[in-house]
Amino acid sequence: MDATQELAAFLRTARERLDPDDFGLPTRRQARRTPGLRREEVAELAAVSTDYIVRLEQGRGIRPSADVVEALARALRLAPDERAYLFNLAQQRHRGTDKPATTAAPPLAGLVADLSPLPAMLMNHRYDILAWNGEMARLLLNFDPLPPRQRNAMWLCLMHPRIRELYVDRERVVREGVAHLRAAWAAHPEDQALTGLIDEFTTRDEEFARLWAERDIKVNGRGRKEMRHPEAGVIAVHFEVLVPLQDPDQRLVIYRAADDESQSALDRLCAR
């Protein structure tokens with residue numbers, strides 16, 4: 001398959017399936033010989049020339065800019081998945097239209113609870129903690145009393161006295177968190193709350209500032225962590241970070257005991 005030809009076919013299909021009556025377009029004397037909008041009507045809606053639409057639909061090798069792709073997506077009333085597909089075909093960066101998640105999607109919140117007895121939590125791209133189960137709270141911290149602004153995994157790792165001392169290999173954990181935030185910042189440059197968090201961390205924490213300056217962008221979604229729990233002792237866990245297809249701004253984090261001793265420690269901790 002050729003991306004240019006697929007782009008042309010996709011634009012034609014999207015145009016032809018639209019109902020002109022939905023757009024309130026003026027009635028024309030000439031009868032419509034094909035279904036959907038005319039090329040000149042799409043051109044008018046997208047603020048480009050008719051000739052440009054013709055060349056795109058004929059697959060003449062034109063690569064539309066991100067602004068033109070955005071205009072075409074609006075003109076053709078594409079659904080989010082179709083919009084992302086159009087950006088990919090045009091080899092342009094997909095601009096997110098949804099606001100960052102600040103609350104857990106109800107099905108995902110239910111899934112976090114159902115994953116018990118495995119410790120699990122749900123975060124957004126800023127590392128804001130949106131949902132958690134009892135096992136994760138017993139392992140890390142009771143998040144309920146915290147102000148929403150402090151309910152952030154990186155903030156806790158850098159600023160909270162208990163979490164600062166929790167991880168055996170603290171620098172690696174912080175380094176991985178910094179790499180994630182850098183990748184998230186590049187993907188969401190418009191997110192002022194994320195920019196504010198990074199500014200705060202850089203100003204208040206020398207370790208974060210040093211690691212941020214190294215520009216490491218390796219994001220680790222699977223691995224192992226060791227924790228010195230004040231009640232249960234050393235606990236080693238394997239972690240997995242999953243991104244739901246329906247809610248790509250949310251991240252499901254699941255811990256599993258890495259060995260028998262850690263499993264026994266988790267069982268004792270969660271039985272209290």
Side-chain angles (χ1 to χ4, degrees), residues 101 103-105 107-181 184 197 200-201 204-208 211 216 218-244 250-272:
T103 58
L108 294 177
L111 177 59
V112 169
D114 290 344
L115 283 168
S116 176
L118 295 177
M121 62 181 174
L122 191 70
M123 301 189 295
N124 62 12
H125 69 262
R126 299 175 191 148
Y127 270 179
D128 294 333
I129 301 170
L130 308 179
W132 58 91
N133 59 17
E135 287 78 7
M136 185 63 82
R138 293 184 186 94
L139 178 60
L140 297 184
L141 188 71
N142 182 8
F143 303 112
D144 277 317
L146 297 176
R149 181 176 166 277
Q150 296 180 11
R151 210 173 288 157
N152 176 280
M154 181 55 76
W155 192 96
L156 293 171
C157 190
L158 296 175
M159 310 293 179
H160 194 282
R162 172 172 167 173
I163 304 301
R164 281 185 62 89
E165 303 301 322
L166 179 66
Y167 297 105
V168 174
D169 191 354
R170 171 183 162 76
E171 177 166 340
R172 180 176 61 82
V173 172
V174 175
R175 181 182 294 278
E176 290 176 355
V178 171
H180 166 85
L181 286 183
L197 272 177
E200 177 186 1
F201 297 156
R204 296 183 57 184
D205 190 271
E206 293 183 1
E207 183 180 23
F208 183 94
L211 295 173
D216 183 5
K218 182 180 180 182
V219 178
N220 191 7
R222 175 181 297 146
R224 175 188 170 107
K225 293 179 181 178
E226 290 189 0
M227 309 174 195
R228 297 189 194 91
H229 194 277
E231 300 174 18
V234 176
I235 298 177
V237 298
H238 293 301
F239 68 89
E240 193 81 26
V241 183
L242 307 176
V243 179
Q250 304 190 28
R251 285 140 178 79
L252 179 63
V253 182
I254 305 170
Y255 287 170
R256 294 178 296 112
D259 50 54
D260 293 340
E261 292 78 8
S262 298
Q263 185 63 64
S264 297
L266 278 175
D267 291 342
R268 292 194 304 273
L269 185 65
C270 294
R272 295 177 183 176

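Positions are given from 1, in the same order as the sequence printed here.
- In this structure, the side chains of L146 and W155 stay at 4.5 Å or more apart for every pair of heavy atoms.
- By the 4.5 Å heavy-atom criterion applied to side chains, L140 and M121 are counted as neighbours.
- With sequence neighbours left out, the side-chain contact (heavy atoms from CB on, under 4.5 Å) criterion links L118 to I254, R256.
- Checked for salt-bridge contact, R149 and E200 meet the test: a charged N lies under 4.0 Å from a carboxylate O.
- When side chains are defined from C-beta on, R164 counts as touching D205, because their heavy atoms get closer than 4.5 Å.
- Closest heavy-atom contact between V174 and L158: CG1-CD2, 4.1 Å.
- Note: D128 CG to L197 CG = 6.5 Å, rounded to the nearest 0.5 Å.
- Remark: side-chain polar atoms of D259 are not paired, donor with acceptor, to backbone N or O of A236 under 3.5 angstrom.
- Not a single donor-acceptor pair under 3.5 Å links the side chain of D216 to the backbone N or O of A179.
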E171 vs E207, side-chain contact (heavy atoms from CB on, under 4.5 Å): CA-CA, chis, key distance, verdict: CA-CA 8 Å; E171 177 166 340; E207 183 180 23; 4.0 Å; yes
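- The distance from atom CZ of R162 to atom CG of L141, rounded to the nearest 0.5 Å, is 5.5 Å.
- Nearest approach of R224 to R172, heavy atoms of both residues: O-NH2, 2.7 Å.
- The backbone N or O of L266 lies less than 3.5 Å from no partner atom in the side chain of H229, so there is not a single donor-acceptor pair.
- Between L139 and E135, the closest side-chain pair of non-hydrogen atoms is not below 4.5 Å.
- At least one side-chain heavy atom of M154 sits less than 4.5 Å from a side-chain heavy atom of L181.
- Taking all atoms of both residues into account, the shortest heavy-atom contact from L115 to A120 is CD1-CB, 3.8 Å.
- Within the 4.5 Å cutoff, no side-chain heavy atoms of Y127 are placed close to those of R251.
- In this structure, CG in L130 is found 11.0 Å from CG in L252, a value given to the nearest 0.5 Å.
- Between the R170 side chain and the C157 main chain, a donor and an acceptor come within less than 3.5 Å of each other.
- Minimum interatomic distance between A257 and Q263 (heavy atoms only, all atoms of both residues): CB-OE1, 3.3 Å.
- In plain terms, the two heavy atoms of S262 and A258 that are nearest each other are CB-N, 4.3 Å.
- Under a 3.5 Å cut-off, the side chain of R151 and the backbone N or O of D144 do form a donor-acceptor pair.
- The aromatic rings of F143 and W132 lie perpendicular to each other, with more than 60° between the two planes, well past the 30° mark.
- The shortest distance between side-chain heavy atoms of Y255 and I235 does not fall below 4.5 Å.
- Inter-residue side-chain proximity for L156 and I129 is flagged as met; some heavy-atom pair is nearer than 4.5 Å.
- Between A104 and L122, the closest heavy-atom pair is CB-CD2, 3.6 Å.
- Under a 3.5 Å cut-off, the side chain of H180 and the backbone N or O of H125 do form a donor-acceptor pair.
- Residues satisfying the salt bridge (Lys or Arg N to Asp or Glu O under 4.0 Å) test with E240, not counting sequence neighbours, are R222.
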